[in-house]
Amino acid sequence: MHSHVWCSPDGAAVATPISITEWMKDYYHELVASGNPYYEVTQETGDLVFVPSGWWHMVLNLSDTVAITQNYISSSNLAQALRFLRDKPDQVSGTERGTLWWLG
């Protein structure tokens with residue numbers, strides 16, 4: 001299973017050569033059989049799902065869906081978020097090079 005997901009050394013980038021649908025069809029059973037802990041949720045209308053910072057996750061929509069996502073920064077992950085903004089400006093959308101000068 002793990003040979004089909006590649007993560008950069010710092011965990012900032014994750015890539016897989018297959019779609020979520022292919023992974024569910026071909027590899028989901030390996031996760032279930034592994035005994036490793038995981039969470040599976042079926043989100044109903046009006047439900048909110050919070051995914052903690054750094055948790056790998058995927059979403060499989062079972063019907064037409066509108067998603068509103070937000071990255072949340074609190075006191076517990078502020079230092080990590082500031083490091084990311086300072087060290088990886090090329091991975092931050094909506095900013096031009098040099099606009100994060102205040103990060104040092």
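Just so it is clear, the structure is predicted and the values come from calculations on it, not from any experiment.
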Completion exercise
Rounded to the nearest 0.5 angstrom, the CE-CD1 distance for M24 and I18 is 11.0 Å
Fill in the blank from the handout: With sequence neighbours left out, the residues meeting side-chain hydrogen bond (donor to acceptor under 3.5 Å, both in side chains) with Q80 are none
Exercise for the section: Determine, stepwise, if the pair Y38 / V32 fulfils side-chain contact (heavy atoms from CB on, under 4.5 Å). Expected result: CA-CA 9 Å; Y38 67 96; V32 174; 3.3 Å; yes
Handout entry: Counterpart residues, side-chain contact (heavy atoms from CB on, under 4.5 Å), relative to S75 (two or more places apart)
Key = none
Problem - Path from I20 to L31 over hydrophobic side-chain contacts below 4.5 Å - result: yes
Practice task
Would you check if the side chain of N61 reaches a backbone N or O of A67 as a donor-acceptor pair within less than 3.5 Å?
Solution key: no
Handout entry: Donor-acceptor contact below 3.5 Å, side chain D87 vs main chain F84
Key = no
Practice task
Could you pull out all residues at least two apart from T65 that satisfy side-chain hydrogen bond (donor to acceptor under 3.5 Å, both in side chains)?
Solution key: none
Practice task
Flag the pair E22 / Y27 as yes when at least one side-chain heavy-atom distance between them is below 4.5 Å, and no otherwise.
Solution key: no
Practice task
State which residues pass side-chain hydrogen bond (donor to acceptor under 3.5 Å, both in side chains) with E40; sequence neighbours excluded, sorted by chain then number.
Solution key: Y28
Handout entry: Qualifying residues under side-chain contact (heavy atoms from CB on, under 4.5 Å), relative to T21, sequence neighbours excluded
Key = S19, L60
Fill in the blank from the handout: Across all chains, not counting sequence neighbours, the side-chain contact (heavy atoms from CB on, under 4.5 Å) partners of D47 are Q43, E44
Completion exercise
Using a 4.5 Å side-chain heavy-atom cut-off and chaining through intermediate ILVMFWY residues, the residues clustered with F50 come out as none
Problem - Cluster companions of Y39 among Ile, Leu, Val, Met, Phe, Trp, Tyr (side-chain spacing under 4.5 Å) - result: V41, V49, V51, W55
Practice task
Identify, with sequence neighbours excluded, every residue that meets side-chain hydrogen bond (donor to acceptor under 3.5 Å, both in side chains) alongside T42.
Solution key: none
Exercise for the section: Just jot down the side-chain contact (heavy atoms from CB on, under 4.5 Å) partners of L48, sequence neighbours excluded, or say none. Expected result: none
